[in-house]
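Contents: one structure, followed by commentary.
In this text, all values refer to a predicted model and were calculated from it rather than measured experimentally. Below, chain A is the first sequence line, B the second, and so on; all start at residue 1.
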Number of protein chains: 4
Amino acid sequence: MTKKPTKAATPTAARADAKGRAPADAAPASNRATRAAERRSAIVEAAMEEFIARGFAATRLDDIAKRAGVAKGTIYLHFKDKESMFEELVRTVIVPVVAKLNALPPPTGSVRDLVEAFAGNFLKEVIGTRRGDLVRLIVAEGPRFPSVADFYYREVVSRGIAGMRALIELGIARGEIREKNLARYPQILVAPAMIAVIWQSLFARHAPLDAQDMLRVHLDLIFGERRTT
Amino acid sequence: MTKKPTKAATPTAARADAKGRAPADAAPASNRATRAAERRSAIVEAAMEEFIARGFAATRLDDIAKRAGVAKGTIYLHFKDKESMFEELVRTVIVPVVAKLNALPPPTGSVRDLVEAFAGNFLKEVIGTRRGDLVRLIVAEGPRFPSVADFYYREVVSRGIAGMRALIELGIARGEIREKNLARYPQILVAPAMIAVIWQSLFARHAPLDAQDMLRVHLDLIFGERRTT
Amino acid sequence: MTKKPTKAATPTAARADAKGRAPADAAPASNRATRAAERRSAIVEAAMEEFIARGFAATRLDDIAKRAGVAKGTIYLHFKDKESMFEELVRTVIVPVVAKLNALPPPTGSVRDLVEAFAGNFLKEVIGTRRGDLVRLIVAEGPRFPSVADFYYREVVSRGIAGMRALIELGIARGEIREKNLARYPQILVAPAMIAVIWQSLFARHAPLDAQDMLRVHLDLIFGERRTT
Amino acid sequence: MTKKPTKAATPTAARADAKGRAPADAAPASNRATRAAERRSAIVEAAMEEFIARGFAATRLDDIAKRAGVAKGTIYLHFKDKESMFEELVRTVIVPVVAKLNALPPPTGSVRDLVEAFAGNFLKEVIGTRRGDLVRLIVAEGPRFPSVADFYYREVVSRGIAGMRALIELGIARGEIREKNLARYPQILVAPAMIAVIWQSLFARHAPLDAQDMLRVHLDLIFGERRTT
DNA sequence: TATGAATGAGACTTCATTCAT
DNA sequence: CATGAATGAAGTCTCATTCAT
């Protein structure tokens, strides 16, 4: 796909650096460190595609290298071996997700609106995207990569559960949610979303699922049906 | 665990066969066809353990053979190759599940009782058991084995969804379920159960989940909280 | 050299086994165990040639396999990995040498005659032969294979030194050897022989060494010059 | 051990060079040629350590570079490739030895005294030192590096043999040595010393060898036991 | 039918060498 | 001159599959 883009694209700029002073602000500085970072992220990108498509064991480093447009040996400049590549990869991809979770706005409107906004975001950013496939990949490889499962639990699941619980308690306090025991199992709140993620990966071509509509019905179940829409 | 049971149990009979005489009295019920079937099911059993533990690509036929107590070559007398073994295996294991789904008793009591009975059964037979791991295995390998995903969808998922939908519609008709849109998404009904299955595989050691209690809360959400318990 | 000799040479005999009873004593039983042993020794033979020619690190398993007439994978049926192959190889080759040392005849004639007989044997069996090269190989790789050096010291060197010391003490007691301190350093007795081994490996083409004559002169030094020869 | 000494010591000067100005006053004695020579000898030093420790094939240029405190590419400014580095290295290290051999004082005292002095020097300078390991390295790699073996034979062995022969003949002429044939095999004179070198490398930890005492016994054998000591 | 030794393609990983900076 | 990131050939080892017994 993106074969050797950096190397081919910026030889002139690179040479310019060598000749004179640093190109103040004009060129985005395609220096060594930058190039290394670009390569690394090309590898991460390619690796994610391959791991998602084939799983850990069936993925060949050769294919990752080819897709990333680097030589096989280059991978080993960035990662110790295939296993740690997989583990670091998951971390790398998950970190921005965690950042977003942490940057959630404080609850101002109704709880239902909040949850709905959250679900909308999830629909757009996760379900049916590569990020959704990553979730499936973690489910698939988790038992063989405890460190990955641990990381995912610690950084995403436990925080997500905690956040959902807080929302649910707020909803109960405000009288938006009747079922008080729901606070004990925030998993119920997110279960349909997770199922939607998996469904799209596995059964989309047999029976496409209108995830948005399904989540709305689920919220109706929890918050009571809306009058106005 | 069950190492070399077949081999250990019938070496004499086996050798007798090789020489040409019939194993007349030794094991009257254990004729050739029966023994072949026994071997096959030993292989299936062993293969499932290994595939669940390591996934398709990382599982070695050597290990399956050892666990099943047969020689590596024997596997090829029953299966064309590793891939078809995996596909047939999933079919073989799933068939009894389908049979059970089909043998469900006609709805007599309340819908909630029926669903609860069904959930109870699911808890006992699937969550935290090897069958639950099979679900995770299918999620993991589905994209690489479309035929497996297809089979699973056709035999289990679509039937399950249809069955659930019928129950939900009955519940709506009887006034047990208020949320009429639920019939469009029976997935919502089973989502927490699926999540429980996955949770037990991945996060049980971080945060054990009381699946039974969670499912009860979920049913309360759908059917309304029970007065008497 | 000996490419696939077994496989090509004995298919008929092998098939004969399958058809009827075991071929009592006529054919030397080319059964599985025998064939395996033959293969193993072909590998050992080939490996020794290669290791001697190139040293441990520079030897390719591919070349060993080719020379032994087996597939690469076959090596791994007999040896865990390259390192243990090397270690076992040295052991395997050295054992018969040790056996010979142990089977030395009891001292009957003069000590000089005994030592001379021993030296003659050494000349014929070691110097300029592959066994001599093995000595050089051990000298070369010893520091990187402590277990090999240990084994060689324990099985060959320490026994050889002890045996030489006994002979020297006998020689002193009988008045054949004047230098009494020699018993403290049997190494002196064998040093020229060892040097001859190494010399032949390294410098034979620059300056061939008449090892036999040199050893005779050395013995003259120790036992005094012979009157009659 | 001596990590990156060069690099750490002269970064400023080095950078100054790169820009084009002469490092006028900073390091007057350390001009370009000198620094290059220093680098080269750092590489030689490091390479010898590594080659001795691991042998030619198993030594990585990376490790040599690290130990020498230079970048990997720098090695290629001084040596064509790994092989010629090894060959030149041996030459470089051996030259001073040859110089010493040539600078031997003319025989004035008794031959035994001369030989003893020589042996003493050998003990101090070679046995148990890195130079001794170099001998073992040549024994190990000689067959794969004929040019090294040739060089070593021409520069060291043949000269050493010639020198020893001259001494032996002198000893015979003066009546200090009785065994006249010894002149034909000066190897006998040095054999125990060589054995001592090898012994220390391989078996020192199993059975330490008092090389000095052994050599004295050996000389007693050749020159006859001393009255006074 | 059952066996398991043998095979060899193919995977991961290393490392000598190059070259833009 | 010096650097070290990048390369890719080549090596070790694994394992699905075959086939003589």
Using Watson-Crick and G-U wobble pairs with both distances under 3.5 Å, what is the 5'-to-3' dot-bracket string of DNA chain E, with [ ] for crossing pairs and | for pairs outside the strand?
.||||||||||||||||||||
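Residues B:Ala68 and B:Ala42 share a closest heavy-atom pair of CB-O, 3.6 Å. When all heavy atoms are compared, the tightest approach of A:Lys82 to A:Thr59 is NZ-O, 2.8 Å. Closest of all the heavy-atom pairs between D:Ala47 and D:Met85 is CB-SD, 4.4 Å. The minimum heavy-atom distance linking C:Ile75 with C:Ile43 is given by the pair CA-CD1, 4.1 Å.
Between the CZ atom of B:Arg54 and the P atom of F:dA16 there is a distance of 11 Å, rounded to whole Å. The interatomic distance linking C:Ile75 (CD1) with F:dG11 (P) rounds to 13 Å, in whole Å. The nearest whole Å value for the distance from the CZ atom in D:Arg40 to the P atom in F:dA2 is 13 Å. Nucleotide E:dT17 holds its P atom 14 Å from the CG atom of D:Leu77, rounded to whole Å. Atom CD of B:Glu83 is separated from atom P of F:dC15 by 17 Å (rounded to the nearest Å). Separating the CG atom of B:Asp62 from the P atom of E:dA6 is a distance of 14 Å, rounded to the nearest angstrom. The separation between A:Arg35 atom CZ and F:dA5 atom P is 12 Å, rounded to whole Å. A straight line from CD1 of C:Ile64 to P of E:dG8 spans 17 Å, rounded to a whole angstrom.
A salt bridge is defined here as a Lys NZ or Arg NE, NH1 or NH2 lying under 4.0 Å from an Asp or Glu carboxylate O, and D:Arg40 with D:Glu88 meets this definition. At a threshold of 4.0 Å, the pair D:Arg144-D:Glu141 counts as salt-bridged, since one of the basic side-chain nitrogens sits closer than that to a carboxylate oxygen.
Comparing D:Ala57 and C:Ala71 along DNA chain E, the residue whose closest nucleotide (by nearest heavy atom) sits nearer the 5' end is C:Ala71. DNA chain E is contacted by both A:Lys80 and C:Thr74; C:Thr74 maps to the nucleotide lying nearer its 5′ end (nearest heavy atom per residue). Of the two residues near DNA chain F, D:Gly73 and B:Tyr76, the one whose nearest nucleotide lies more 5' is D:Gly73.
Nearest to the side chain of D:Lys72, among E:dG10, F:dG4, E:dT21, sits F:dG4. Candidate nucleotides E:dC12, F:dA2, E:dT17 were compared by shortest atom distance to the side chain of A:Arg60, and E:dC12 ranks first.
Taking the six-membered ring where the residue is Trp, B:Phe51 and B:Phe56 present parallel rings, their angle staying beneath 30° rather than reaching 60°.
If you check every strand for non-hydrogen atoms under 4.0 Å, C:Leu61 touches sugar and phosphate atoms only.
Side chain B:Lys82 to base F:dT17: no donor-acceptor pair is found below 3.5 Å.
Between D:Arg39 and the phosphate of F:dT3, there is a side-chain N or O to OP1/OP2 separation shorter than 4.0 Å.
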